[in-house]
Amino acid sequence: MKIKMKDGSIKEADFEEELGKNAFWHTTSHILAQAIKRLYPTTKCAIGPSIAEGFYYDFDFDFRFSEEHFTEIEAQMEKIVKENLQLKHFTTDRKKAIQIMEKREETYKVEMLNDLPENEEISFYQQGEYLEMCSGPHVAYTNVIKAFKLLSVAGAYWRGDEKNKMLTRIYGISFPSKDMLKEYLNRLEEAKKRDHRKLGKELGLFALFEEGPGFPFFLPKGLILKNLLIDYWRKLHIREGYTEISTPIILNRQLWETSGHWEHYKDKMYTTLIDGADFAIKPMSCPGAMLVYKMESHSYREFPMRISELGLIHRNEKSGTLHGLMRVRCCTQDDAHIFITPEQIQDEIKGIVHLIDEVYSNFGFKYHVELSTRPKNSIGNDEDWEMATNGLKNALDSLKLPYIINDGDGAFYGPKIDFHLEDSIGRTWQCGTIQLDFQLPQCFEAEYIGKDGNKHRPIMIHRVVFGSIERFIGILIEHFAGKFPLWLSPIQVKILSISDKYIDYAKKIEMTLKKEGFRCEVDGRSEKIGYKIRTAQLEKTPYMLIIGEKEVKANHVSVRKRDDGDLGNMSIKQLLEILHKENIS
């Protein structure tokens with residue numbers, strides 16, 4: 001596929017490559033805008049980029065727009081594709097560019113141009129009668145776009161500012177073949193079925209109320225799930241030599257000024273006044289960990305010093321970005337802060353990578369890794385940043401772990417490694433992260449006594465595995481479609497009595513299973529057994545035990561498994577052997 005670049009050059013790229021996909025989706029957004037202008041000429045165009053999955057375009061319509069308009073827009077887009085229009089590129093100066101956009105009455109484009117320096121060279125792409133101020137890249141001809149679909153409509157403030165006008169954002173997707181589009185749409189349908197908000201309600205795991213937007217409530221079964229993850233996390237961290245602490249969620253302004261968060265992160269922080277002084281609810285746990293570290297003097301012999309914390313954090317997320325458990329304002333971050341010497345960087349990073357790999361593999365996740373480098377808004381000197389970045393690179397290289405460089409997306413205090421999970425239907429989620437920090441120990445004047453008997457600054461690693469317990473639960477719900485493995489299921493066994501006559505035997509089985517450490521319930525309702533089985537299936541219970549006269553007489557149970565159906569009659573001993581063998585985290 002030929003890609004036309006901003007400098008006018010042509011490059012070859014496959015759709016699966018980042019350049020090819022970006023150009024493909026970006027071009028489709030232009031085809032959408034061209035179709036809109038043909039159908040509704042008075043519409044004003046704003047911006048239309050490619051995004052992580054597809055594209056969108058923001059428009060200012062002078063009528064009430066809805067998804068009902070999609071059919072005629074897609075038909076017009078099809079015509080543009082068949083016309084096989086060439087995307088022609090040219091540049092001009094800012095003054096001429098403003099004249100071009102003013103003539104076309106594209107007020108949003110004019111506003112953007114007015115904000116650029118006077119000597120700025122402006123890049124344009126043209127396809128037929130449609131002209132777009134754009135830096136590209138784009139495919140060379142429109143007929144490359146073989147299959148596309150408009151997906152949804154949303155509101156979006158111009159330039160993301162709530163004070164500006166609300167525009168109409170149209171999302172879409174496109175592919176080089178109809179089969180690829182069909183596969184994608186099937187995956188979208190599957191994703192809807194797996195929506196953790198829907199399943200979370202149906203399975204009684206969590207709730208979200210208007211009284212606390214972005215602040216999830218965990219229901220009894222959901223809290224079991226959350227605690228199971230925490231127990232698993234604690235076992236791993238005890239094994240790996242971590243000591244656990246708990247720090248307060250509210251600390252004073254001076255602490256956040258020292259850490260740099262007050263300057264670099266204040267917009268995300270909730271603040272309050274206590275005794276007339278400014279305090280903030282913590283958005284992360286690292287400054288508290290620094291206070292704990294500084295309580296006493298330390299020697300290099302104690303390093304690596306691994307401190308873990310399940311910190312309750314709060315972040316001021318915009319209401320429009322909230323999404324079930326995936327984007328919340330309050331969550332439990334499975335944090336850890338590790339103090340090391342420069343010589344320990346590579347080995348410690350490798351150890352953390354192995355730990356994260358173990359956890360993700362246990363849940364059946366594939367993943368890819370990104371290395372994020374120094375952002376513009378950062379603290380510290382070039383030498384420290386170079387050493388930190390090279391430390392992460394060297395660890396990844398020595399593990400022979402492929403990674404993508406994500407330029408300028410590091411934390412303000414250090415570079416980081418991000419782990420992006422791939423779930424069972426191919427979606428990716430950013431969860432684990434490893435951040436190498438030379439800055440916070442300097443901000444807090446942290447020290448240790450080195451081999452030479454002198455004082456030195458430790459290096460600090462910030463690290464999460466789950467990311468946040470809440471978000472990881474949301475991902476797990478969708479990954480497993482609510483069908484959790486036995487060890488993670490809030491209710492592992494449902495005991496279903498055919499009639500009231502067998503309740504005592506059912507409760508006896510229940511007590512036996514509970515003594516063996518299994519989570520089980522008796523369904524003793526006066527309902528037909530078929531109804532009880534269907535209910536247990538809808539609750540996605542791994543095992544169902546049916547109790548009737550035959551089972552009582554034989555001192556057996558009739559066993560059904562969630563996905564395998566009837567397993568037949570068996571003794572309690574046989575059942576326990578099966579359950580214990582499967583109940584492994």
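Excluded from the calculations below are hydrogen atoms, water molecules and symmetry mates; all remaining heavy atoms, backbone and side chain alike, are included.
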SB check R38 E83 (cutoff 4.0 Å): yes
Restricting to ring pair (Phe, Tyr, Trp, His ring centres under 6.0 Å), what partner residues turn up for F209, sequence neighbours left out? F217
I'd like to know whether L185 forms a side chain to side chain contact (heavy atoms under 4.5 Å, CB included) with L151, so could you lay out the CA-CA distance, the side-chain angles of the two residues, the decisive distance to 0.1 Å, and finally the verdict. CA-CA 10 Å; L185 294 176; L151 299 173; 4.1 Å; yes
Assess whether a salt bridge exists between K282 and D335, defined as any Lys/Arg side-chain N lying under 4.0 Å from an Asp/Glu carboxylate O. no
Salt-bridge test for K268 and E317: reply yes if a basic N is under 4.0 Å from a carboxylate O, no otherwise. yes
Would you confirm whether the ring centroid of F365 sits within less than 6.0 angstrom of the ring centroid of H479? yes
Partners passing salt bridge (Lys or Arg N to Asp or Glu O under 4.0 Å) against K165 (at least two apart in sequence or in another chain): D60
Which residue pairs pass the salt bridge (charged side-chain N to carboxylate O under 4.0 Å, His left out) test with at least one member in residues 408-418, sequence neighbours excluded? K416-D418
If only atom types and distance count, is the side chain of E102 paired as donor or acceptor with the main-chain N or O of V110 below 3.5 Å? no
Steps toward ring-ring contact (aromatic ring centres under 6.0 Å, His included) verdict (F59, Y40): CA-CA 11 Å; F59 299 100; Y40 322 112; 9.2 Å; no
With sequence neighbours left out, what residues match Y108 under ring pair (Phe, Tyr, Trp, His ring centres under 6.0 Å)? W158
Heavy atoms only: give me the nearest Y130-H30 pair and the separation to one decimal. CE2-O, 3.9 Å
Would you say that more than 12 heavy atoms from the other residues, nucleotides or ligands in this model lie under 6.0 Å from the CD of E386, or not? no
When the ring centroid of F63 is compared with that of H69, is the distance short of 6.0 Å? yes
Exercise: identify the closest heavy-atom pair between T373 and G408: OG1-N, 2.9 Å
Sequence neighbours excluded, every pair satisfying salt bridge (charged side-chain N to carboxylate O under 4.0 Å, His left out) that has a member inside residues 419-431: D423-R427, R427-E478
Pair K192 + E189, salt bridge at N-O below 4.0 Å: yes
I477 vs F484, test: side chain to side chain contact (heavy atoms under 4.5 Å, CB included). Steps then yes/no. CA-CA 8 Å; I477 293 170; F484 301 112; 3.7 Å; yes
Between F218 and F206, what is the ring plane arrangement, given parallel below 30°, perpendicular above 60°, and tilted in between? tilted
Heavy atoms only: give me the nearest P137-Y125 pair and the separation to one decimal. CA-OH, 4.2 Å
Can you label the angle between the Y265 ring and the H261 ring as parallel, tilted or perpendicular, going by 30° and 60°? perpendicular
Using salt bridge (Lys or Arg N to Asp or Glu O under 4.0 Å) as the criterion, list what pairs up with E358, not counting sequence neighbours. R239
Taking K109 first and then E132, would you say they form a salt bridge - that is, a charged N and a carboxylate O separated by under 4.0 Å? yes
Under a 4.5 Å cut-off applied to non-hydrogen side-chain atoms, are L322 and L208 in contact? no
What do you reckon, is CD of E68 surrounded by more than 12 foreign heavy atoms closer than 6.0 Å? no
Closest approach of L203 to K221 (non-hydrogen atoms, all atoms of both residues): O-CD, 3.7 Å
Just do the salt bridge (Lys or Arg N to Asp or Glu O under 4.0 Å) check on R159 and D115 with the steps written out, would you? CA-CA 12 Å; R159 292 188 158 179; D115 290 342; 2.4 Å; yes
List in chain and number order the residues that pass ring pair (Phe, Tyr, Trp, His ring centres under 6.0 Å) with F215, two or more places apart in sequence or in another chain; answer none if no residue qualifies. none
When rounded to the nearest 0.5 angstrom, what is the spacing between CG in L392 and CD1 in I461? 8.0 Å
Could you work out, with side-chain hydrogen bond (donor to acceptor under 3.5 Å, both in side chains) as the rule, every residue matching K37, not counting sequence neighbours? E106
Closest approach of I51 to F55 (non-hydrogen atoms, all atoms of both residues): CG1-N, 3.8 Å
Check whether any side-chain N or O of R94 sits under 3.5 Å from a backbone N or O of L113 as a donor-acceptor pair, and report yes or no. yes
Report the relative orientation of the aromatic rings in F175 and Y184; use parallel for angles under 30°, tilted for 30 to 60°, perpendicular for over 60°. tilted
Examine distances only and state if a side-chain atom of T27 and a backbone atom of V139 form a donor-acceptor pair shorter than 3.5 Å. yes
Applying side-chain contact (heavy atoms from CB on, under 4.5 Å) to Q99 and not counting sequence neighbours gives K95, K96
Whether W25 side chain and S174 backbone form a donor-acceptor pair below 3.5 Å: yes
Main-chain N/O of W385 paired to R374 side chain as donor or acceptor, under 3.5 Å: no
Pairing residues for E67 by the salt bridge (Lys or Arg N to Asp or Glu O under 4.0 Å) criterion, not counting sequence neighbours: none
The side-chain contact (heavy atoms from CB on, under 4.5 Å) partner of F438 among E383, M387, M460 is M387
Taking every heavy atom of E121 against every heavy atom of T91, the minimum-distance pair comes out as OE2-OG1, 3.5 Å
Using the six-membered ring wherever Trp is involved, compare the ring planes of F65 and F70 and label them parallel, tilted or perpendicular (cut-offs 30° and 60°). tilted
Is atom CD of Q430 surrounded by more than 12 heavy atoms (other residues, nucleotides or ligands) closer than 6.0 Å? yes
With Y367, which of F419, Y403, W429 fulfils ring pair (Phe, Tyr, Trp, His ring centres under 6.0 Å)? F419
Pairs flagged by side chain to side chain donor-acceptor pair (under 3.5 Å) wherever residues 142-157 is involved - sequence neighbours left out: N84-N143
Would the distance check show the side chain of T332 and the main-chain N or O of G311 forming a donor-acceptor pair, the cut-off being under 3.5 Å? no
Can you name the one residue among I434, N406, I405 that meets side-chain contact (heavy atoms from CB on, under 4.5 Å) with L371? I405
Looking at residues at least two apart in the chain, or sitting in another chain, which of them share a side-chain contact (heavy atoms from CB on, under 4.5 Å) with T272? I274, F279
Could you tell me whether the side chain of T28 reaches within less than 4.5 Å of the side chain of I173, counting heavy atoms only? no
Has Q126 got a side-chain atom pairing as donor or acceptor with G128's backbone, closer than 3.5 angstrom? yes
